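The next block holds one structure in the form of structure tokens; read it before the comments.
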2 protein chains.
Amino acid sequence: MSVRVVLVDDHPVVRAGLSALISGTDDLEVVGEAHDLATARSVVAATRPDVVLMDLDLGEGPGGAAVTAELRALDEPPRVLVLTTYATEADILRALDAGASGYLLKDAPAPELFAGIRATARGETVLAPSVAATLVRRAASPGPVVTEREVAVLELLAQGLGNREMAKELFVSEATVKSHLSHIYTKLGVDTRAGAVAAAIERRIIRR
Amino acid sequence: MSVRVVLVDDHPVVRAGLSALISGTDDLEVVGEAHDLATARSVVAATRPDVVLMDLDLGEGPGGAAVTAELRALDEPPRVLVLTTYATEADILRALDAGASGYLLKDAPAPELFAGIRATARGETVLAPSVAATLVRRAASPGPVVTEREVAVLELLAQGLGNREMAKELFVSEATVKSHLSHIYTKLGVDTRAGAVAAAIERRIIRR
DNA sequence: CCCGGCATCATCCGATCGGCTATCCGACGG
DNA sequence: CCGTCGGATAGCCGATCGGATGATGCCGGG
């Protein structure tokens with residue numbers, strides 16, 4: 001009774017690698033692969049896997065978090081184990097919020113990956129050490145944490161948008177954007193837009 | 001007489017994937033793997049491969065470009081084919097400057113990858129279409145490169161300094177700072193300070 | 001020898017930003 | 001039921017920015 005796994009990753013090389021690694025075990029089995037949302041939907045529906053290994057960066061189209069959310073909305077949803085390269089606070093929160101059961105990094109050694117898949121199949125939550133650290137830091141610090149909305153502002157800010165443009169993009173008024181910015185400055189300990197972008201990238205709140 | 005290949009990538013998954021893919025051919029052969037500079041050095045010395053498949057982002061420590069440069073400095077250097085995820089202009093230039101014979105992206109289909117390895121072994125130069133396009137675009141335009149002074153401004157800018165403060169720091173007038181900023185905006189294709197910081201970090205003009 | 005790129009500086013002015021104060025609302029928890 | 005928090009909104013005002021325009025001096029390549 002092996003654990004049935006579906007791979008979702010836009011890189012053929014990575015899918016082949018995971019396939020090769022997993023085929024070397026006797027209790028894990030790859031039953032399907034997908035490179036985008038549409039394919040993932042149909043493959044999961046057809047194969048009903050125990051665990052979906054999900055990359056967050058799928059190139060064009062919806063990202064892994066969106067795919068995760070959609071898969072988790074199914075009747076008997078598969079457990080989703082995120083396996084990706086980056087781990088900004090925003091990435092992690094978005095993925096877990098979408099219903100992922102775990103979050104591992106691609107530089108994990110194979111045995112750890114296997115253990116993670118098995119644990120996920122059993123319903124446990126697995127987190128890479130650095131991801132756990134990020135979550136702990138976030139939980140432990142009584143300190144200021146940027147809110148979801150503020151992250152959105154930061155992402156637009158990094159694209160060089162002005163307040164008016166951000167407001168339009170976020171469907172709020174310019175006053176609201178300024179309010180968010182003020183909070184961001186306080187929380188990041190800066191007092192300019194440029195400084196906020198640098199600090200946000202530094203702390204991996206956003207990525208480039 | 002098969003082509004002997006060494007893999008350099010910090011992700012076990014990717015190495016396994018490439019290994020699996022390459023073992024499916026009858027004229028290519030993986031003779032070694034490495035995940036960092038030190039390992040790459042000894043593995044290449046021991047196996048003397050025809051081609052090294054090089055990832056640029058090796059996590060901690062020296063990047064793939066540095067490893068490439070070091071390998072190319074050997075007596076009978078192997079040809080190096082870069083195989084990576086991202087392809088910013090800076091990445092490409094650094095890699096080619098370090099002596100890489102080609103630059104492919106990880107989302108390339110397997111047959112293309114195999115063809116690239118064979119071509120590299122023959123001494124040809126292989127470039128992914130998007131990489132070629134980037135180089136062409138650059139060659140076509142007498143490309144703007146940020147000057148030393150402009151980099152200095154960018155670094156201060158990323159610290160959130162205002163024009164007056166930058167001027168004081170650089171021992172120039174505020175007008176000069178503004179002049180530099182204007183040039184920076186033009187060269188980076190942005191029109192705000194925040195955008196300039198993001199673009200500069202993205203292109204690795206400044207480091208965080 | 002002249003041109004172009006780089007660095008420097010100046011002035012002007014409209015647009016934008018940043019800081020401040022204040023209000024309102026829904027959600028969550030004590 | 002009340003306090004707190006995230007989020008949205010408003011107005012005000014001085015400081016700053018961004019763009020336009022123009023000028024000077026130096027240096028290196030054609």
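The structure presented is a predicted model; accordingly, all values stated were derived computationally and were not measured. Just the heavy atoms: all of them, side chains too, but no hydrogens, waters or symmetry mates, feed the values below. A note on names: the letters A, B, ... follow the listed sequences, proteins ahead of strands, and every chain is numbered from 1.
Between the CD1 atom of A:I184 and the P atom of D:dA8 there is a distance of 12 Å, rounded to whole Å. Separating the CZ atom of A:R149 from the C1' atom of C:dG26 is a distance of 15 Å, rounded to the nearest angstrom. To the nearest angstrom, C1' of D:dC5 lies 11 Å from CD of A:E150. Atom NE2 of B:H180 and atom C1' of C:dA10 are 15 Å apart (whole Å).
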Protein within reach of the bases, or only the backbone? For nucleotides 10-28 of chain D, mark each nucleotide 5' to 3' as B, S or -, using heavy atoms under 4.0 Å. B-B---SSBB---------

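Taking B:R41 as the reference, B:E70 meet the salt bridge (charged side-chain N to carboxylate O under 4.0 Å, His left out) condition, with sequence neighbours excluded. By the salt bridge (charged side-chain N to carboxylate O under 4.0 Å, His left out) test, B:E124 is found to be paired with B:R122, residues two or more places apart in sequence or in another chain being considered. Considering only residues two or more places apart in sequence or on other chains, A:R15 meets the salt bridge (charged side-chain N to carboxylate O under 4.0 Å, His left out) condition with A:E33. Not counting sequence neighbours, the partners of A:R164 by the salt bridge (charged side-chain N to carboxylate O under 4.0 Å, His left out) test are A:E174.
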Tell me, with the steps shown, if A:E112 and A:V126 meet side chain to side chain contact (heavy atoms under 4.5 Å, CB included). CA-CA 10 Å; A:E112 223 167 88; A:V126 300; over 6 Å; no

List the atom pairs, donor and acceptor, that lie under 3.5 Å between side-chain atoms in residues 114-121 of chain B and the rest of the protein, sequence neighbours left out.
unit_1: B:R118; atom_1: NE; unit_2: B:D27; atom_2: OD1; d: 3.4
unit_1: B:R118; atom_1: NE; unit_2: B:D27; atom_2: OD2; d: 2.5
unit_1: B:R118; atom_1: NH2; unit_2: B:D27; atom_2: OD1; d: 3.2
unit_1: B:T120; atom_1: OG1; unit_2: B:G116; atom_2: O; d: 2.7

Can you give me every donor-acceptor pair (side chain of residues 6-14 of chain B, partner residue at least two apart or in another chain, under 3.5 Å) with its distance?
unit_1: B:D9; atom_1: OD1; unit_2: B:H11; atom_2: N; d: 2.8
unit_1: B:D9; atom_1: OD2; unit_2: B:K106; atom_2: NZ; d: 3.0
unit_1: B:D10; atom_1: OD2; unit_2: B:G59; atom_2: N; d: 3.4

Below 3.5 Å, can you tabulate the donor-acceptor pairs from side chains in residues 188-201 of chain B to any protein atom, sequence neighbours excluded?
unit_1: B:T192; atom_1: OG1; unit_2: A:G160; atom_2: O; d: 3.3
unit_1: B:T192; atom_1: OG1; unit_2: B:G195; atom_2: N; d: 3.0
unit_1: B:R193; atom_1: NH1; unit_2: B:L161; atom_2: O; d: 3.2
unit_1: B:R193; atom_1: NH2; unit_2: B:N163; atom_2: OD1; d: 2.1

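Contact annotation: B:T147 side-chain N/O to C:dG5 OP1/OP2 distance is not under 4.0 Å. Between B:H183 and C:dA7 there is no side-chain N or O to OP1 or OP2 distance below 4.0 Å.
End-to-end axis angle of the helix from C:dC1-D:dG30 to C:dG30-D:dC1, from C1' rotation axes over five pairs per end: 50° (rounded to 10 degrees).
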